[in-house]
Amino acid sequence: MAQTNGGCSLALIFIIVLLLAKANIDVCKRGDVTVKPSRVISLGSAVNISCSLKPEQGCSQYPSVNRLILYKFDRQIHFLHGYSLSSQVTGLPLGTTLFLCKLACSKNKEFRICGAEISVGVVPEQPQNLSCIQKGEHGTVTCIWDRGRDTHLYTAYTLQLTGPKNFTWQRQCNDHYCDHLDLGINLTPELPESSYTAKVTATNSLGNASSIPSTFTFLDIVRPLPPWDIRIKCVNASVSRCILQWRDEVLVLLNRLRYRPNSSRSWTMVNATNAKGRQDLLDLKPFTEYEFQISSKLHLYKGSWSDWSEPFRTQTPEEEPTGTLDVWYMKQPIDYNRQQISLFWKNMSVSEARGKILHYLVTLQEVAGGKVTMQNITEHTSWTWIIPRTGNWAATVSAANSKGSSPPTRINITDLCEAELLAPRQVSANSEGVDNMMVTWEPPGRAAPAVQEYVVEWREPHSRSDTQPPLNWLRSPPYNVSALISGNIKPYSCYEICVCALSGDQRGCSSIRSNSKHKAPLSGPHINAISEEKGNIVISWNEIPAQEQMGCILHYRIYWKEQDSNSQPQLCEIPYRVSPNSHSIDSLQPGVTYVLWITALTAAGESPPGNKREFHLQGKANWSVFVAPSICIAVVIVGIFSTRYFRQKVFVLLSALRPQWCSKEIPDPANSTWAKKYPTVEEKMQLPLDRLLTDWPTPEEPEPLVISEVLHQVTPVFRHPHHPNWPDKGQEIQGHYTSEEDTGYSASSLPPPRALIAERLVDLYKMLGSRSPDSKPGHLAGPVTVLPVDYLPTHEGYLPSNIEYLPSHEAPITDPLEELKPQHISLSIFPSSSLHPLTFSCDKQLTLDRLKMGCSSLML
């Protein structure tokens with residue numbers, strides 16, 4: 001099988017050589033190109049290039065027709081008519097240059113005759129810095145050197161090693177850029193002090209050069225292999241003593257260690273002699289990731305260090321936390337009796353935590369009592385609780401890992417801004433790049449020496465969502481009046497910044513709003529409601545979303561104008577802190593429809609308008625317009641009525657204008673105590689009406705009721721009713737006698753008939769009211785009981801004012817008073833029906849359903 005493969009290889013080589021020879025024959029079949037003195041020359045040498053045609057290879061029998069042209073690459077450098085051409089070339093550059101000879105039989109056609117490559121180079125320089133190493137006790141010898149400048153020619157390098165007992169070994173490097181060579185032999189440690197000599201020789205067509213021989217021993221050139229299998233063990237799981245272990249070669253005498261935390265760039269170095277793969281480390285930090293590397297050496301003075309081992313990374317054990325937490329807080333009142341306390345603290349550094357923090361222990365207690373009121377364990381860096389607003393409170397927070405807890409941090413819960421004298425002055429914030437802001441302030445005047453430290457806190461404004469933005473803070477010594485806040489500052493976001501000065505348990509603070517970058521808001525506020533209150537309108541709107549505010553909102557502008565009006569809108573500007581989401585406008589006119597919209601302004605400009613809303617004010621005109629005239633009129637009226645003369649005149653005028661029926665209030669018969677207290681007579685009786693018109697004395701004569709009315713043209717006269725029970729003319733009724741003469745009156749000497757009739761009717765009702773239940777017809781039981789004048793019931797209704805006649809079966813009797821002419825038109829509203837006989841049916845007691853008053857008609 002091997003013989004078959006060998007035969008195939010030889011056949012392939014033969015075919016390739018044959019093809020190359022045929023190609024060469026084909027290329028130079030018309031002629032030859034010769035180069036003298038050589039095709040390889042040193043830099044700066046000249047060469048002669050000759051081109052000749054073979055017999056019968058020209059264009060014709062006449063030599064003058066053959067035109068030979070010599071090309072250097074693609075550029076023509078010489079031409080000649082004939083069978084041959086020769087040219088001397090100088091100034092060739094380093095490297096290889098191609099020359100071609102061509103035959104031109106016409107202007108448009110050329111034939112290639114042959115070509116030649118000329119290489120220009122330099123003699124090799126002497127190799128420098130020859131050194132040899134052997135990697136590990138069982139490695140091979142490798143030597144390296146500096147070649148010097150490039151020769152631009154093929155150069156061979158030969159490495160030769162000689163040693164004791166006529167030991168000689170050499171190897172050649174055929175690589176064009178050869179600068180190292182592996183001899184492939186191993187030096188053993190049997191004779192560690194034996195000397196070896198190495199030399200390298202460079203050779204090319206122009207010459208050769210050899211390096212200075214390098215002499216060394218086994219210990220000089222052997223480089224140990226890097227240590228491996230590195231591990232660490234801490235005694236009792238404590239960083240107080242940790243042991244680093246590794247494996248190494250047998251002949252290693254020295255070791256060096258380097259280690260560092262992963263977060264650091266500087267190394268800690270440790271040298272160890274005859275360590276035998278073990279080293280104690282006493283300065284490691286707990287719960288810290290370290291990187292370890294080790295190197296080895298065979299001799300204290302000879303040889304070289306091994307390469308560094310592969311990095312070994314591990315984390316040291318935990319220890320009890322030593323640092324204290326940085327704690328801050330917020331107070332927010334809920335109602336009159338309760339308040340919300342929010343505690344915040346920062347994560348400990350790795351060096352302080354010294355382990356993984358598992359949880360935080362939070363306690364809250366009242367200072368006066370000293371007993372722990374609330375205690376909680378949380379894994380978060382904040383804690384919120386609701387406590388009473390009374391009393392002084394203090395909180396403690398400590399962190400715990402698997403080995404223990406940190407010392408507690410105690411903080412007294414007081415009002416952050418209660419001490420106005422401690423409030424810093426002139427607080428400002430300016431942008432320092434994209435994600436930084438510089439906060440500056442001035443000390444709080446006379447209270448500055450009492451300041452122990454400043455706390456600068458900042459957070460994004462609280463949106464109306466359930467999640468509160470995180471609170472950030474930093475502490476500054478009392479001699480600083482500026483602080484750079486950075487790390488989590490977002491551009492185009494507004495931040496609430498507060499600077500607090502701390503002095504014992506007292507705090508004073510000042511706040512501002514600022515942003516690192518700003519521009520005009522992307523949208524305007526959205527009006528969600530418009531309501532009317534006491535003639536004003538109250539506009540409520542939603543805040544612009546935080547991502548569209550593009551900085552701190554400084555002002556709101558409310559625009560309004562009448563609907564379908566082309567005039568410029570009116571506006572009012574509201575500072576952001578005065579009214580974040582509502583405002584009242586009192587300059588709108590009632591009964592007008594307005595269009596309203598709102599914009600927001602940052603320091604960079606105004607937002608686009610928000611949604612537009614229409615509103616029609618339904619309220620009354622502004623009452624303040626009538627205040628001044630009303631006051632003036634009231635003053636004038638009071639001044640007039642303060643004079644008695646004017647008061648009397650006004651009362652007389654009002655009395656004349658008032659209708660007569662309004663002069664006295666008509667009583668309700670249901671409220672009559674007489675009707676409720678005294679029963680009516682049980683038998684029927686008739687009283688002569690003309691006898692009732694006669695005056696009779698009473699125990700207490702009431703003021704007569706004078707009805708001032710104007711009589712009609714026909715003056716009414718009482719007629720005698722035809723009733724068997726009425727007494728005859730001249731019959732006495734309880735000591736009173738009515739004569740026939742009493743029925744008529746003289747117009748010149750007597751009162752007006754209508755007034756007199758009204759007086760008699762009043763007396764009639766008084767007499768009826770004075771009867772006792774046991775009295776009989778024609779005999780009164782006792783003196784007449786006075787009946788109130790304003791209570792005058794009749795059978796049909798109210799006491800009529802125009803009494804014309806009494807119904808009777810007798811013929812009417814003409815009275816002389818009927819001839820009297822009326823002086824005025826009556827304005828009375830009393831019914832004009834005649835007064836019917838007062839007939840009482842006394843079978844049963846008189847009840848209120850029989851005692852009825854009413855109006856049947858109105859006369860004007």
Check: Stepwise, does the side chain to side chain donor-acceptor pair (under 3.5 Å) test hold for W328 with E457?
Finding: CA-CA 9 Å; W328 196 236; E457 66 175 46; 2.5 Å; yes
Return the minimal non-hydrogen interatomic distance between [X] and [Y], and the atom names on each side.
X	Y	answer
A529	R613	N-NH1, 4.0 Å
Y495	M437	CD1-CE, 4.1 Å
L522	P608	O-CG, 3.6 Å
I544	P521	CD1-CB, 4.3 Å

Kindly check if the number of other-residue, nucleotide or ligand heavy atoms within 6.0 Å of [atom1] ([X]) is above 12?
X	atom1	result
L421	CG	no
E352	CD	yes
Q547	CD	yes
N542	CG	yes

Quiz item: Going through the distances and angles, do I558 and L571 end up as a side chain to side chain contact (heavy atoms under 4.5 Å, CB included)?
Solution: CA-CA 5 Å; I558 302 178; L571 66 90; over 6 Å; no
Would you check if the side chain of [X] reaches a backbone N or O of [Y] as a donor-acceptor pair within less than 3.5 Å?
X	Y	value
S342	Y329	no
S607	A600	yes
T409	L325	yes
E532	I537	no

Matching residue for W597 among W560, Y559, F615 - test: ring pair (Phe, Tyr, Trp, His ring centres under 6.0 Å):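 For W597, the ring pair (Phe, Tyr, Trp, His ring centres under 6.0 Å) test succeeds with only one of W560, Y559, F615, which is Y559.
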Over-ring placement of [X] relative to [Y], 6.0 Å and 45° cut-offs:
X	Y	answer
K561	Y594	no
R475	Y454	no
K346	W473	yes

With a 4.5 Å cut-off on side-chain heavy atoms, are [Y] and [X] touching?
X	Y	answer
M550	Y492	yes
W383	N376	yes
I386	I334	yes
I585	S587	yes
Q452	Q506	no
Y556	P525	yes
V592	L588	no

*SG to SG, are C500 and C509 under 2.5 angstrom apart?*
no
- Show your working on salt bridge (charged side-chain N to carboxylate O under 4.0 Å, His left out) between E606 and R557 and close with a plain yes or no. CA-CA 9 Å; E606 187 174 7; R557 283 181 181 171; 3.3 Å; yes
Please report the C-alpha distance between T593 and H616 in whole Å, then the side-chain angles of each, then the deciding distance to 0.1 Å, and finally whether the side chain to side chain donor-acceptor pair (under 3.5 Å) criterion is met.
CA-CA 4 Å; T593 300; H616 186 81; 2.9 Å; yes
Interatomic distance, OG1@T414 vs CG@L502, rounded to 0.5 Å, equals 8.0 Å
task: Would you please test Y360 and H380 for side chain to side chain contact (heavy atoms under 4.5 Å, CB included) and show each step?
output: CA-CA 8 Å; Y360 298 93; H380 306 288; over 6 Å; no
Could you verify whether a donor N or O on one side chain and an acceptor N or O on the other, from [X] and [Y], lie under 3.5 Å apart?
X	Y	value
Q340	W385	no
T440	S482	no
S523	E548	yes

The complete set of salt bridge (Lys or Arg N to Asp or Glu O under 4.0 Å) pairs with one or both residues in residues 427-443, sequence neighbours excluded, reads none
Could you check Q375 against L361 for side chain to side chain contact (heavy atoms under 4.5 Å, CB included), going step by step and ending with a plain yes or no?
CA-CA 7 Å; Q375 186 170 341; L361 178 63; 3.3 Å; yes
Check against side chain to side chain donor-acceptor pair (under 3.5 Å), E614 and Q563: CA-CA 8 Å; E614 296 180 1; Q563 189 180 30; 2.8 Å; yes
| task | Output, in order, the C-alpha distance, side-chain angles, deciding distance and verdict of side chain to side chain contact (heavy atoms under 4.5 Å, CB included) for I387 and L364. | result | CA-CA 9 Å; I387 61 174; L364 190 64; 3.4 Å; yes
Checklist entry - Charged N to carboxylate O below 4.0 Å: is that the case for E496 and R513? => result no
**Prompt:** Can a salt bridge be assigned to the pair D415 and K331 using a cut-off of 4.0 Å between side-chain N and carboxylate O?
**Reply:** yes
